Novice: 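Here it is, the structure, as structure tokens.
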Protein chains: 2
Amino acid sequence: MSELPADVALMWRLRDPGRRGPKPSLTVEDITRAAIEIADAEDLAAVSMARVAERLGNSTMALYRHVKSKDELLVLMSDAALERPSPLPDDVDWRTGLTLWAEGVLVAIRKHRWYSKLPISGPPAGPNNLAWFDSALGALEDTGLPEEAKVGVVMGLMTYVHGEIRLSLDLAAGFADNPNAFSRYGAVLSRVVDPRQLPALARVLDAGVFESVGNFEAESGEDFDFGLQLYLDGVAGFIDRVCQAG
Amino acid sequence: MSELPADVALMWRLRDPGRRGPKPSLTVEDITRAAIEIADAEDLAAVSMARVAERLGNSTMALYRHVKSKDELLVLMSDAALERPSPLPDDVDWRTGLTLWAEGVLVAIRKHRWYSKLPISGPPAGPNNLAWFDSALGALEDTGLPEEAKVGVVMGLMTYVHGEIRLSLDLAAGFADNPNAFSRYGAVLSRVVDPRQLPALARVLDAGVFESVGNFEAESGEDFDFGLQLYLDGVAGFIDRVCQAG
DNA sequence: TCCTTACTGCGTATTCGCTACGCTAAATAG
DNA sequence: CTATTTAGCGTAGCGAATACGCAGTAAGGA
């Protein structure tokens, strides 16, 4: 029985209950929760070991008895911040299932706007992340795809969904700083784009695409769904192809 | 004539050539180039103002005459690190064009493995980023899509491509640290996944999907192309639908 | 020519972050 | 009761970003 990586063991709460020594007054979960609360209230950049310890009424160095480094804490946060997915209804087709799934991810991450600023440490390994992974795979159960293809489809979907969320949250942050940033973007580009050198972009600007002010939240939701449905269209074609061949 | 944002002005080299005072011994391009060289050779984390200044034979604080903050420097790096796209051949259809485009982005970013660790500061605004944007829009020129739809398609594509690159570069980094990390991943999961709670994932593990060791580079390239083609399948359907309706 | 003025380079110092190290005290095993 | 393990934490080292102000330099104007 080889050792599991330390962060995985922590996320799954697999620790031989240490016998000797004083009772811990802190748990890893406390630390993770406190860090998440700070990030929620302020920013990921506001999460320092000192701030977390202060919020728990402990000294900075006490945290290092429970967490090897700040990076490890970030890994723990990346699993703990996601709540479990609610189970998909049994009677929906794969496409509805994956759409619901994607919207669920969106809802879950929107509660923690710092989430997509976390560094990627590796493939999903914590209980919550794996539960989401499982949920998406489950939606493909009746498609008849081979397991490896399911993994490919779900990986691509995760990439798209996380990328889109990252982008829209970051743009939303810039938007909050400066409410007319979006229409201003069109103005800046038209000052700088030379139609000789960037003709296609110039046509887009002429068409006024970046001038609509509108409701930013709503528009970014539309973009999210638009790209998602394109990807799912592709998946549908892929499933047809595989199943006719099989 | 309203002011452009400072970073945009710097990226486009729009600065009234200062008249009085000593000749600058540094330029913004020097600074940006030095920072990129450090990041290439070591890591994005190795880029500190002190290191950049040292490499240029200047003092740390001298940099601040040319760059407002380190964040601004990162923005400059994010444009300067991308070389211009080579023009797409004139006679290819949109799909071939976008595939070439995506591969070009992949090649360009692979030269700077720190690229996807940069924080997103906003929509593309520098000359190189906009050239890539223009290039992708140009590939859709003959499709008859309205300009706004082209933008949506390209935005989704950028999201997917950048997300996939980010993921694959980060996994590759973990892989370099520990060459059997991938097969180890399967072992870790099977230790931790309960088939009762995560049945779909357990089936994937049983099928041995995470046990192939193989050539990691090649496999990640396949995944990249697989997801890309799924997305482009979706775009093809979208174009058909729009053009039939129009 | 000489002064004014704007601008560059840079030394100093502050503030903040992560974390190695080692001490003290607590709790348990034998 | 003693030895051992472990928790909390104070101190200190190191490195990073950057505010501030001084000194020297080159152009414009008299």
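What you are looking at is a predicted structure, and each value in this text was computed from that prediction instead of being measured. Naming convention: chains lettered A, B, ... in sequence-line order (proteins, then strands); numbering from 1 in each chain.
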Novice: Between A:L56 (CG) and D:dA7 (C1'), how many Å, whole number?
Specialist: 15 Å
Novice: Name the orientation class of the two ring planes belonging to B:Y160 and B:Y231 (parallel below 30°, tilted from 30 to 60°, perpendicular beyond 60°).
Specialist: parallel
Novice: What is the distance from CG of B:L63 to C1' of D:dA16, rounded to the nearest Å?
Specialist: 13 Å
Novice: Taking any heavy-atom pair under 4.0 Å as a contact, classify A:T60: base, sugar-phosphate, or nothing.
Specialist: base
Novice: Just wondering, are more than 12 heavy atoms of other shown residues or ligands nearer than 6.0 Å to CZ in B:R113?
Specialist: no
Novice: As a test of reading the structure: which of C:dA26, D:dA17, D:dG28 is closest to the side chain of B:S48, going by heavy atoms?
Specialist: D:dA17
Novice: Which class fits the ring pair B:W101 and B:W132: parallel under 30°, tilted 30 to 60°, perpendicular over 60°?
Specialist: perpendicular
Novice: Could you state the atom-to-atom distance from CG of B:L73 to P of D:dA16 in whole Å?
Specialist: 14 Å
Novice: Report yes if at least one side-chain N or O of A:H66 is closer than 4.0 Å to OP1 or OP2 of D:dT6; otherwise report no.
Specialist: no
Novice: Specify the separation, in whole Å, of atom CG of A:L74 and atom P of C:dG17.
Specialist: 14 Å
Novice: Identify which nucleotide among C:dC10, C:dA26, D:dA27 has an atom closest to any side-chain atom of B:K23, counting heavy atoms from C-beta outward.
Specialist: D:dA27
Novice: May I have the distance from B:M49 (atom CE) to C:dG9 (atom P), rounded to whole angstrom?
Specialist: 13 Å
Novice: Measuring only between side-chain heavy atoms, which start at C-beta, is B:P5 closer than 4.5 Å to A:R184?
Specialist: yes
Novice: Quickly work out the B:R15 CZ to C:dC7 P distance and round it to whole Å.
Specialist: 11 Å
Novice: Would you kindly give the CE-to-C1' distance between B:M61 and C:dG9, to the nearest whole Å?
Specialist: 11 Å
Novice: Counting only side-chain heavy atoms from C-beta out, which of C:dT8, C:dG17, C:dA25 sits nearest to B:R65?
Specialist: C:dT8
Novice: The side chain of B:R20 lies closest to which of these nucleotides: D:dG8, C:dT4, D:dA17?
Specialist: C:dT4
Novice: More 5' along DNA chain D: B:G21 or A:S59, using each one's nearest nucleotide?
Specialist: A:S59
Novice: Compare the minimum distances between each of D:dA16, D:dC9, C:dT8 and the side chain of B:P24, then state the nucleotide with the smallest one.
Specialist: C:dT8
Novice: If you only use heavy atoms from C-beta on, which nucleotide in D:dA17, C:dG9, C:dG17 is closest to the side chain of A:K70?
Specialist: C:dG17
Novice: Any luck finding a side-chain donor-acceptor pair between A:S220 and A:D223 under 3.5 Å?
Specialist: no
Novice: Starting from P on D:dA7, measure out to CD1 on A:I31 and report it in whole angstrom.
Specialist: 11 Å
Novice: In terms of side-chain heavy atoms of A:Y64, which of D:dA17, C:dG11, C:dC18 is nearest?
Specialist: C:dC18
